[in-house]
Amino acid sequence: MKLELKIEDKKIFAPLQDKWLVLTPEEKVRQTYICRLVNHYGYSLDQMKQEVTVAEGNKRGTGRASADIVVWKSKDEVEKKAPSIVVECKADNIDIVEGDYFQGSHYARYVKAPFFVTTNLKHTKVFKVNLDGYPKDLEDEILDIPTFKDLQSEKKVKDLLTQTKAFTRDEFSNLLFRCHNIIRNNDKLSPEAAFDETSKILFMKIRYERNPDEDNIFSLKQFKKQEAQYEKNIRPINVKRNGPKDDIPYMDYWFELTKDEFKDDDLFDPNEKIKIKQASFEAIVKALEIYNLSTTSDDVKGIAFEKFLGKTFRGELGQFFTPRTVVDYMVEVLDPQEGETVCDPCCGSGGFLIKAFEYVRSKIENEIKEAKNKIKLKYYTEEYYNASKKEQEKIDQKVNDQFTLLNSELDILNPESRLRRLSYDCIYGTDANPRMARTAKMNMIMHGDGHGGVHHHDGLLNVNGIFDGRFDIILTNPPFGARVEKSLKITEQDKYTDTERIAKYTERYKEDYVKALKQINDNIGKSVLSLFDTGKMSSLTEVLFIERCLDLLKPGGRMGIVLPEGVLNNTKLQKVRDYVEGKAKIINITSIPQDVFIASGATVKPSLLFFKKFTEDEAKEYATILKTAKANAKNEHGKEIAELQEKIKTRGLDKEEKAELREKLKQVQQQMEDEIKLELKTNFDYEIPIVEVEKAGISTTGAKIENELEPVAKEFTKYRIEKQLWNEHYTTVQYDEYEDKFQRVVAFGEPETFYTKYANFNQ
């Protein structure tokens with residue numbers, strides 16, 4: 001018999017206590033989950049209890065060990081043996097963050113229950129409990145709790161406890177590839193086209209699971225049910241209203257709704273259609289229905305999606321994938337901070353942007369975690385344990401309220417949150433390949449967001465917030481070896497014409513954006529090469545992108561770029577090197593083996609170069625030294641050069657005499673240039689760390705090997721802090737009660753001269 005939720009006159013019935021309780025949001029969640037345990041998992045009421053507290057065994061500073069719901073293996077084991085499942089419930093407006101469910105997790109560890117459940121009904125997470133000690137945190141998140149029937153089998157319980165996040169990542173990645181193969185086999189599409197279709201279905205699934213109707217999972221059963229309603233009620237009305245163009249199957253209609261949902265993200269062309277058979281679509285929906293993509297952890301979805309990308313694009317599009325070991329190293333060397341803006345103008349699948357986003361997000365999450373630990377230590381004192389149950393509950397409520405406020409800092413939908421600012425204001429990228437730009441957006445969404453600043457666009461040209469002097473950090477791996485021909489002109493098609501977005505961007509970036517648009521609007525008909533000083537020296541894409549990246553940086557900004565080793569030692573590119581050294585300091589050169597990139601299809605040995613653009617003071621200092629050096633060289637050689645130039649003009653000289661004079665002039669001019677460089681080197685001198693590693697984590701076959709980049713990154717961090725290679729961006733965020741409110745406290749400036757700002761954040 002199905003257990004129904006009973007609510008009457010602001011009261012809710014608790015079958016485990018056989019009485020009516022005050023209806024609160026948390027109590028409603030608890031009683032609803034009890035119904036789920038009975039109806040879905042098959043447990044009986046006589047093998048469960050609610051509101052169970054352990055009197056002893058608490059650790060100071062952690063709160064009570066209590067459980068909202070406890071489940072035993074059978075009714076005969078209730079309170080006689082260790083329970084199997086412990087559940088802690090929160091109101092449905094409180095996000096699931098592991099560390100917040102400390103009362104139930106302490107109880108689960110104390111009584112040695114292997115499964116711990118956290119739920120607010122919208123989201124439910126299950127954790128494996130460490131039964132061998134009292135660790136600081138819970139163990140791995142797992143897929144589900146056992147049903148009553150499964151709980152009777154030791155093997156099935158063991159299997160569930162091994163289905164951890166790592167297991168889920170691999171399973172999800174393999175599942176995506178199986179979906180991809182369904183399309184290739186059934187619809188005979190290329191790997192890239194099959195990837196596009198798989199991605200469409202993933203986003204149709206995401207759309208549904210963000211706003212579920214009945215079933216939280218976009219399942220085949222749910223699709224069939226909605227399809228029947230569509231065919232009966234919606235399709236006839238649409239056809240009658242709009243004609244044959246709206247006479248489309250439900251699969252296509254669902255995709256139109258999905259395009260609409262993600263319209264502002266430019267994920268799909270407005271005319272894009274589903275290009276697979278409905279049988280393929282249904283097979284994929286069925287295969288994916290074990291996952292809810294709105295609640296699956298970002299590190300599960302993201303890593304699984306990356307593995308899927310790697311398998312799918314290993315061949316033709318391998319150039320768009322910078323190996324992860326290289327990405328990790330370059331991000332750690334440049335150490336992005338909260339509030340800094342990051343850009344990759346050749347972003348490919350988004351590897352650098354995702355890593356930078358995750359790197360900063362991790363710092364924010366750690367600060368939130370530290371703040372919660374301080375709160376627990378503040379309130380869970382000896383006084384708390386000596387207080388009455390009623391007083392303890394008041395303190396518990398205050399802690400929960402403060403935790404809820406802290407969690408709002410990690411809510412990407414909260415316009416005032418730190419995560420929202422990171423995602424929407426700090427991450428930018430472009431790629432000239434439309435499939436890769438779309439893939440980067442999808443990849444970032446799977447990793448937790450930051451996709452809004454990514455565009456399909458020529459990385460050498462301005463778009464949205466990507467223009468000169470905007471960025472603290474550039475991380476990029478530009479295309480090698482290709483050339484930008486003089487015949488490549490800036491055309492009317494390059495103009496950005498979306499008036500609504502131009503207005504939005506102008507409001508956001510003010511006059512800087514209006515000026516940025518002129519790069520294209522004022523140069524129609526001119527060659528792209530003419531936009532760059534280095535365009536007179538070389539037409540190689542990697543050279544133009546060095547200048548582009550330096551232009552994008554703020555004064556003092558820093559850059560990491562993957563370049564072919566020839567840029568460092570090719571004599572034909574000496575003028576390019578001189579140009580770069582007149583704009584930025586080289587702070588690190590790391591030579592890596594070609595093996596790392598062979599798996600991605602590269603044939604050129606790469607180096608990793610790191611620059612710091614001159615600050616305004618450094619630019620002035622360099623200009624002054626250069627001016628003095630040129631004046632000194634002119635005093636030394638100017639007269640001789642002028643005389644040689646006059647002699648060359650003399651009439652009556654034969655070819656040999658003129659050739660000798662020209663050669664002599666060339667030698668003197670070269671000597672003059674060498675003396676200028678020497679004076680610059682002497683008076684604007686600094687160290688350039690050069691590192692060569694033999695193993696960088698990936699073999700020629702793509703297999704995982706020793707990674708020497710990891711210790712090198714740590715050594716460089718010590719070095720750059722000691723040498724103060726760049727000014728740290730100190731923005732320290734703490735949380736405290738101020739004017740009777742729990743608030744964000746932000747400290748700015750250098751440590752010795754901090755000033756603070758108290759900022760309310762949404763409650």
Side-chain angles (χ1 to χ4, degrees), residues 264 266 336 339-347 353 421 424-432 437 450 452-476 478 484 486 488-537 541 543-559 561 579-580 582-584 611-620 622-623 729:
D264 290 342
D266 298 320
E340 291 190 314
T341 47
V342 181
C343 180
D344 180 352
C346 318
C347 69
L353 300 180
R421 185 186 176 207
Y424 283 77
D425 297 339
C426 299
I427 306 291
Y428 293 82
T430 58
D431 201 276
V454 176
H455 300 267
H456 165 223
H457 202 261
D458 185 337
L460 294 170
L461 302 177
N462 294 339
V463 65
N464 187 355
I466 302 173
F467 50 82
D468 291 0
R470 268 270 296 146
F471 295 98
D472 298 287
I473 294 174
I474 300 287
L475 284 152
T476 195
V484 176
K486 287 182 181 178
L488 181 65
K489 307 290 185 184
I490 300 168
T491 68
E492 289 288 338
Q493 284 72 38
D494 292 313
K495 274 188 175 181
Y496 199 60
T497 57
D498 187 326
T499 53
E500 188 178 327
R501 290 196 184 181
I502 287 173
K504 184 176 77 172
Y505 296 148
T506 303
E507 184 181 356
R508 186 174 183 182
Y509 304 118
K510 307 297 187 280
E511 285 301 312
D512 288 339
Y513 182 69
V514 176
K515 183 181 176 184
L517 288 177
K518 292 180 180 180
Q519 184 212 32
I520 294 173
N521 297 348
D522 291 359
N523 290 291
I524 303 297
K526 295 182 182 178
S527 71
V528 173
L529 275 176
S530 70
L531 298 178
F532 299 94
D533 295 332
T534 53
K536 303 178 187 74
M537 308 170 196
T541 50
V543 169
L544 298 177
F545 269 107
I546 295 172
E547 182 179 347
R548 170 65 167 166
C549 291
L550 287 171
D551 288 342
L552 290 173
L553 285 173
K554 298 174 182 176
R558 47 205 195 275
M559 174 170 88
I561 185 169
Y579 175 85
V580 172
K583 300 284 182 181
F611 300 97
K612 182 180 77 69
K613 186 173 178 177
F614 289 163
T615 62
E616 290 179 1
D617 287 344
E618 287 170 336
K620 286 177 185 175
Y622 184 89
H729 288 247

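The side-chain heavy atoms of Leu461 and Leu531, taken from C-beta on, include a pair separated by under 4.5 Å. Side chains of Ile473 and Cys343 form no contact here, defined as non-hydrogen atoms less than 4.5 Å apart. With a 4.5 Å cut-off on side-chain heavy atoms, Cys549 and Thr476 count as touching.
Atom-to-atom distance recorded for Lys554:NZ and Asp468:CG is 13.5 Å, nearest 0.5 angstrom. Separating the CZ atom in Phe532 from the CG atom in Leu544 is a distance of 6.0 Å, to the nearest 0.5 Å. Asp344 CG to Leu353 CG: the interatomic distance, rounded to the nearest 0.5 Å, is 5.0 Å. In this structure, Ile561 CD1 and Arg548 CZ are separated by 12.5 Å, a value rounded to the nearest 0.5 Å. Here Asn464 contributes atom CG and Tyr428 contributes atom OH; the two are 6.0 Å apart, rounded to the nearest 0.5 Å.
With Arg558 contributing its side chain and Ile474 its backbone, the two residues share no donor-acceptor pair below 3.5 Å. Of the possible donor and acceptor atoms, one in the side chain of Thr341 sits under 3.5 Å from a partner among the backbone N and O of Arg470. At distances below 3.5 Å, at least one donor-acceptor pair connects side-chain atoms of Glu547 with backbone N or O atoms of Asp533. The backbone N or O of Ala437 lies less than 3.5 Å from no partner atom in the side chain of His455, so there is not a single donor-acceptor pair. With Lys613 contributing its side chain and Leu553 its backbone, the two residues share a donor-acceptor pair below 3.5 Å.
Residues that satisfy the side chain to side chain contact (heavy atoms under 4.5 Å, CB included) test with Cys426, not counting sequence neighbours, are Leu422. Residues meeting the side chain to side chain contact (heavy atoms under 4.5 Å, CB included) test with Lys583, sequence neighbours left out: Leu550, Tyr579. A search for side chain to side chain contact (heavy atoms under 4.5 Å, CB included) contacts involving Ser527 returns Lys489, Leu529, Ser530, not counting sequence neighbours. With sequence neighbours excluded, the residues that form a salt bridge (charged side-chain N to carboxylate O under 4.0 Å, His left out) with Asp425 are Arg508.
Residues Lys612 and Gly556 approach most closely at CG-O, 3.6 Å, considering heavy atoms. Nearest heavy-atom pair, Phe545 versus Cys346, reported as atom, atom and distance to 0.1 Å: CE2-SG, 3.3 Å. Closest heavy-atom contact between Cys347 and Val454: SG-CG1, 4.0 Å. Closest approach of Phe614 and Gly582 over heavy atoms only: CE1-O, 3.2 Å.
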Test log, rule side-chain contact (heavy atoms from CB on, under 4.5 Å), inputs Asp472 and Val342: CA-CA 6 Å; Asp472 298 287; Val342 181; over 6 Å; no

Indicate every side-chain donor-acceptor pair of residues 512-522 with a distance under 3.5 Å to a residue at least two apart or in another chain.
from: Gln519; atom 1: OE1; to: Asn462; atom 2: N; distance (Å): 2.7
from: Gln519; atom 1: OE1; to: Asn462; atom 2: ND2; distance (Å): 3.4
from: Gln519; atom 1: NE2; to: Leu460; atom 2: O; distance (Å): 3.2

Counting only pairs under 3.5 Å, give me each side-chain donor-acceptor contact of residues 499-506, with atom names and distances, residues two or more places apart or in other chains.
from: Arg501; atom 1: NH1; to: Asp266; atom 2: OD2; distance (Å): 2.7
from: Arg501; atom 1: NH2; to: Asp266; atom 2: OD1; distance (Å): 3.2
from: Thr506; atom 1: OG1; to: Ile502; atom 2: O; distance (Å): 2.6

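Partner His457 forms a side chain to side chain contact (heavy atoms under 4.5 Å, CB included) with one of Thr430, Asp494, Asp431 and no other, that one being Thr430.
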